[in-house]
Amino acid sequence: MRKSIAIPIILVLAALIATFAGYIGDLITKSFHPVKYSEFVTKYSAQYNVPEPIIYSVIKTESSFRPDAKSHKGAIGLMQITPATFDWLCTKTGDEANPSLLYDPETNIRYGTYYLSLLYSEFQVWDTVYAAYNAGRGKVNEWLSQDEYNNHGRLKSIPYPETSDYVKKVGKTAQTYERLYYSESETIKESIIQE
């Protein structure tokens with residue numbers, strides 16, 4: 001009789017421990033994947049139709065949420081926008097292209113999200129958008145014009161290791177944000193580039 005009671009108790013305890021470990025694991029993962037600047041992310045996600053997990057992923061990957069970040073290539077702010085890209089985006093919005101505005105979190109998130117939306121309109125695949133965000137639209141279009149990189153209008157491989165790693169990192173980070181903070185209806189699961 002005691003043996004028949006012990007087994008269910010052990011199973012219940014094991015389930016409780018597993019649940020608790022998963023909860024603690026999520027808390028630790030959330031500490032490395034914050035949702036800072038949520039008012040701007042939510043606003044521009046809705047305005048430009050870019051999923052929030054993707055915006056957070058780009059911010060996390062590009063600057064680790066540091067609004068004063070500046071790369072060796074001159075990219076500025078949370079989403080690491082270059083002054084040249086900002087100038088081009090401002091020609092579309094009619095706003096003044098003052099690069100110092102890129103240090104402002106709202107401005108940077110607005111234009112970074114707008115740029116992601118334009119890239120998605122052009123390429124229709126998030127992995128390709130991430131590649132273009134990193135390497136540039138011109139370079140991605142050049143790759144897509146070559147059979148060795150093009151699979152029916154989608155990138156099947158990326159010749160730049162830095163860009164290839166970037167695409168994987170942003171995609172994985174976006175999926176982590178989606179799992180931690182969003183429902184399955186926020187679909188960003190597409191992943192085209194398989195290794």
Side-chain angles (χ1 to χ4, degrees), residues 22-71 75-134 136-137 140 166-192:
Y23 175 75
I24 294 299
D26 279 353
L27 284 179
I28 292 168
T29 304
K30 281 182 177 183
S31 73
F32 289 105
H33 295 82
V35 287
K36 297 178 180 179
Y37 309 106
S38 61
E39 66 275 20
F40 306 136
V41 171
T42 299
K43 177 179 179 179
Y44 295 112
S45 168
Q47 184 172 337
Y48 296 119
N49 200 27
V50 175
E52 289 183 28
I54 289 174
I55 300 168
Y56 282 121
S57 178
V58 171
I59 294 171
K60 166 80 173 145
T61 303
E62 290 285 355
S63 71
S64 291
F65 292 89
R66 290 184 7 256
D68 62 342
K70 187 168 183 180
S71 77
I76 297 171
L78 292 168
M79 297 182 78
Q80 291 290 279
I81 303 168
T82 65
T85 299
F86 184 53
D87 186 53
W88 176 72
L89 292 169
C90 285
T91 64
K92 296 185 168 302
T93 64
D95 293 333
E96 178 187 350
N98 178 350
S100 67
L101 293 172
L102 290 172
Y103 290 106
D104 172 64
E106 182 173 11
T107 301
N108 199 283
I109 291 170
R110 175 187 174 202
Y111 279 92
T113 304
Y114 179 47
Y115 188 39
L116 287 169
S117 74
L118 292 175
L119 292 173
Y120 191 78
S121 292
E122 182 173 356
F123 297 110
Q124 301 293 306
V125 178
W126 283 115
D127 281 349
T128 307
V129 168
Y130 307 151
Y133 197 93
N134 180 262
R137 293 171 51 246
V140 168
Y166 178 86
V167 168
K168 291 173 194 166
K169 186 173 183 179
V170 172
K172 183 177 179 184
T173 303
Q175 289 176 348
T176 299
Y177 270 99
E178 184 174 43
R179 180 181 65 78
L180 291 173
Y181 300 105
Y182 299 90
S183 71
E184 290 297 317
S185 64
E186 299 275 337
T187 183
I188 56 167
K189 292 180 183 170
E190 71 179 46
S191 184
I192 304 308

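Count residues from 1 along the sequence. These values consider heavy atoms only, across backbone and side chains, with no hydrogens, waters or symmetry-generated copies. Everything quoted here is computed from the prediction, not taken from an experiment.
The CD atom of Q124 sits 10.0 Å away from atom CD of E122, with the distance rounded to the nearest 0.5 Å. The distance from the CD1 atom of I55 to the OH atom of Y44 is 11.0 Å, given to the nearest 0.5 Å. Note that CD1 of I59 and CZ of R66 are 13.0 Å apart. Values are rounded to the nearest 0.5 Å. Residue I109 holds its CD1 atom at 9.5 Å from CD1 of I81, rounded to the nearest 0.5 Å.
Side-chain contact, Y130 with S57: no donor N or O sits under 3.5 Å from an acceptor N or O.
Under the 3.5 Å distance criterion, the side-chain polar atoms of N108 are matched with a main-chain donor or acceptor of M79.
A salt bridge (Lys or Arg N to Asp or Glu O under 4.0 Å) check over residues 76-105, counting only residues at least two apart or in different chains, returns the pairs D95-R110.
Taking the side-chain hydrogen bond (donor to acceptor under 3.5 Å, both in side chains) definition, one finds that S100 meets it with N98, sequence neighbours left out. By the side-chain hydrogen bond (donor to acceptor under 3.5 Å, both in side chains) test, T85 is found to be paired with T82, residues two or more places apart in sequence or in another chain being considered. Partners of Y177 according to the ring-ring contact (aromatic ring centres under 6.0 Å, His included) rule, which considers only residues two or more places apart in sequence or in another chain, are H33, Y56, Y181. With sequence neighbours excluded, no residue satisfies side-chain hydrogen bond (donor to acceptor under 3.5 Å, both in side chains) with Y114. Under the rule for a salt bridge (Lys or Arg N to Asp or Glu O under 4.0 Å), the partners of K43 that lie at least two apart in sequence or sit in another chain are E106.
Side-chain contact check for V167 versus N134: every heavy-atom pair is 4.5 Å or farther apart. Looking only at side-chain heavy atoms (C-beta outward), W126 and V50 come within less than 4.5 Å of each other. The shortest distance between side-chain heavy atoms of P67 and Y103 does not fall below 4.5 Å.
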